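Structure record follows, encoded as structure tokens.
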Amino acid sequence: MRVVMFGYQTWGHRTLQALLDSEHDVVTVVTHPRSEHAYEKIWSDSVADLAEKHGVPVIIRNRPDDELVDQLREVAPDIIVANNWRTWMPPEIFTLPVHGTLNIHDSLLPAYAGFSPLIWALINGEPEVGVTAHMMDEELDAGDIVVQRAVPVGPADTATDLFHRTVDLIAPVTVEALGLIASGQKEFTPQDRSKASFFHKRAEEDIRIDWNWPAEDLERLVRAQSAPYPAAFTYHRGRRIEVVSAVVSEGRYGGTPGRVFYREGDGVVIVAGADARTGRNHGLAITRVRTEDGRELPATEYFTSMGGYLTGRP
């Protein structure tokens, strides 16, 4: 099939590589310009560079326009394949090819449509994550599922671990889905919209630690914000510190959320949970921190004495 590929960052790069390695003919690539957004500078393999290396024409757009529609009509694709296209695609584009548009999304749809699905899924304690190939329709990430594959989430996995596992699914999922479409299959699995969820892009507010959260959720937040993502942060005596690693405490600690309370093993326990006053909660045992000047050190060295509070604001 003649394929136009829409994509961006490493997700788009892997999709384009899979298409180039397949039996299909990539006739044009559409991608976004480089961005200075913190999350878009991560996993930023260039779709444009890969296309140009293989002699595929490249169109760069922030969002579709009338000129792009005309260009796509000229190349007459049989199908569009999209992955990590960051802006709305109008019907005059996604319905243009005879086979429509196949979107590749890094979640187990219908859950975690939208943005940063791996990070949100890890924070929420999901047992598995994955990749879904679905047909695009008017609603974002809501079309019929063609192929879906999952991988388990382990108890110590970081978002970075899950990224590498799911990005390796892109090629087989894309190629299998295109094979089904090329074979003439037209009926696929409708999404159960009663199970759908839609998440926004992550921003600095989303990595600010709220000590009213249970320690189990905070520990997953720290893992979800693993390098190269910006680390979860809090304030100690008015200074910002990043929590590089942490575990749920073995003991249960009562008091006020955010209290710097007790040394346990290799960590320093912070009281956590909105109902911490009951004494039934585990705390978050911080094991490594990073200071404002970039120094990374064990929490037992940073917290030279117990007492005081970690807060959300200076």
Side-chain angles (χ1 to χ4, degrees), residues 38-39 42 115-126 153 155-162 199-314:
Y39 281 85
I42 301 169
F115 301 91
S116 305
L118 292 178
I119 295 177
W120 290 113
L122 179 53
I123 290 170
N124 292 331
E126 300 294 349
V153 178
D157 279 340
T158 66
T160 303
D161 296 328
L162 299 180
F199 286 80
H200 61 74
K201 291 181 181 180
R202 292 187 66 76
E204 177 150 313
E205 191 61 30
D206 304 309
I207 60 176
R208 186 189 309 275
I209 293 175
D210 181 348
W211 294 104
N212 288 299
W213 283 21
E216 293 82 1
D217 293 356
L218 293 175
E219 186 269 342
R220 290 195 300 270
L221 172 64
V222 171
R223 284 191 282 127
Q225 296 298 146
S226 60
Y229 296 104
F233 70 93
T234 187
Y235 287 89
H236 181 234
R237 296 174 178 168
R239 295 182 180 275
R240 175 170 168 152
I241 58 169
E242 296 178 344
V243 179
V244 177
S245 61
V247 297
V248 177
S249 70
E250 294 182 8
R252 297 176 188 274
Y253 298 88
T256 302
R259 177 76 173 190
V260 181
F261 189 24
Y262 192 78
R263 292 191 179 187
E264 182 186 277
D266 294 330
V268 173
V269 176
I270 313 301
V271 177
D275 60 342
R277 66 189 183 281
T278 65
R280 293 192 293 264
N281 295 354
H282 293 280
L284 184 72
I286 299 176
T287 53
R288 292 192 71 80
V289 301
R290 186 181 296 115
T291 61
E292 285 182 319
D293 61 4
R295 291 185 305 124
E296 186 177 316
L297 65 162
T300 51
E301 292 183 17
Y302 175 80
F303 294 103
T304 55
S305 62
M306 299 300 98
Y309 294 87
L310 299 186
T311 58
R313 308 282 172 179

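Keep in mind that what you see is a predicted model, and the values were worked out from it rather than measured. Along the sequence shown, residues carry numbers from 1.
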Note to self: I'd like to know whether OH of Tyr235 has more than 12 heavy-atom contacts from other residues, nucleotides or ligands below 6.0 angstrom.
What the structure shows: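 Counting other residues, nucleotides and ligands, OH of Tyr235 exceeds 12 neighbours.
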
Check: Around atom CD of Glu296, are there more than 12 heavy atoms of other residues, nucleotides or ligands at under 6.0 Å?
Finding: yes

In Å and rounded to the nearest 0.5 Å, what is the [atom1] to [atom2] distance from [X] to [Y]?
X: Arg288; Y: Glu301; atom1: CZ; atom2: CD; value: 8.0 Å
X: Leu221; Y: Ile119; atom1: CG; atom2: CD1; value: 9.5 Å
X: Ile123; Y: Trp213; atom1: CD1; atom2: CH2; value: 5.5 Å
X: Ser245; Y: Asp266; atom1: OG; atom2: CG; value: 9.5 Å
X: Tyr302; Y: His236; atom1: OH; atom2: NE2; value: 5.0 Å

Note to self: side chain to side chain contact (heavy atoms under 4.5 Å, CB included), that's the test. Do Val260 and Val269 meet it? Break it down for me.
What the structure shows: CA-CA 6 Å; Val260 181; Val269 176; over 6 Å; no

Minimum heavy-atom distance [X]-[Y], with the two atoms named:
X: Ala246; Y: Glu219; value: O-CG, 3.6 Å
X: Arg252; Y: Gly279; value: CB-O, 3.8 Å
X: Arg223; Y: Leu122; value: NH1-CD1, 3.6 Å
X: Ala159; Y: Ser226; value: N-OG, 3.7 Å
X: Ser249; Y: Gly251; value: OG-O, 2.7 Å
X: Leu218; Y: Ala272; value: CD1-CB, 4.1 Å

Next item on the list: Give the intermediate values and the outcome of salt bridge (charged side-chain N to carboxylate O under 4.0 Å, His left out) for residues Glu216 and Arg220.
Entry: CA-CA 7 Å; Glu216 293 82 1; Arg220 290 195 300 270; over 6 Å; no

Next item on the list: Give the C-alpha distance, both sets of side-chain angles, the deciding distance and a yes or no for side chain to side chain donor-acceptor pair (under 3.5 Å) between Trp211 and Thr311.
Entry: CA-CA 8 Å; Trp211 294 104; Thr311 58; over 6 Å; no

Is the side chain of [X] donor-acceptor paired with the backbone N or O of [Y] at a distance under 3.5 Å, no angle test?
X: Asp206; Y: Ala203; value: yes
X: Arg263; Y: Phe303; value: yes
X: Thr160; Y: Ala227; value: yes
X: Asp217; Y: Pro214; value: no
X: Gln225; Y: Pro230; value: yes
X: Asp293; Y: Arg295; value: yes

Next item on the list: For His282, check ring pair (Phe, Tyr, Trp, His ring centres under 6.0 Å) against everything at least two apart and list the hits.
Entry: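 Listed in chain order: nothing, the list is empty.
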
Notebook entry, point to check: Among Leu297, Ile241, Val244, Val243, which one satisfies side-chain contact (heavy atoms from CB on, under 4.5 Å) with Arg290?
Noted result: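 The passing option is Val244.
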
[X] side chain near [Y] side chain, heavy-atom distance below 4.5 Å:
X: Thr234; Y: Arg208; answer: no
X: Val268; Y: Met306; answer: yes
X: Asn124; Y: Phe199; answer: yes

Check: Which residues pass the side chain to side chain contact (heavy atoms under 4.5 Å, CB included) test with Arg259, sequence neighbours left out?
Finding: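 Arg259 satisfies side chain to side chain contact (heavy atoms under 4.5 Å, CB included) with Phe261, Val271, Tyr309 only.
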
Next item on the list: Could you list the residues that satisfy side chain to side chain donor-acceptor pair (under 3.5 Å) with Arg240, not counting sequence neighbours?
Entry: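 Glu204.
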
Margin query: Can you classify the ring geometry of His200 versus Trp120 as parallel (below 30°), tilted (30 to 60°) or perpendicular (above 60°)?
Written below: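 His200 vs Trp120 ring planes: perpendicular.
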
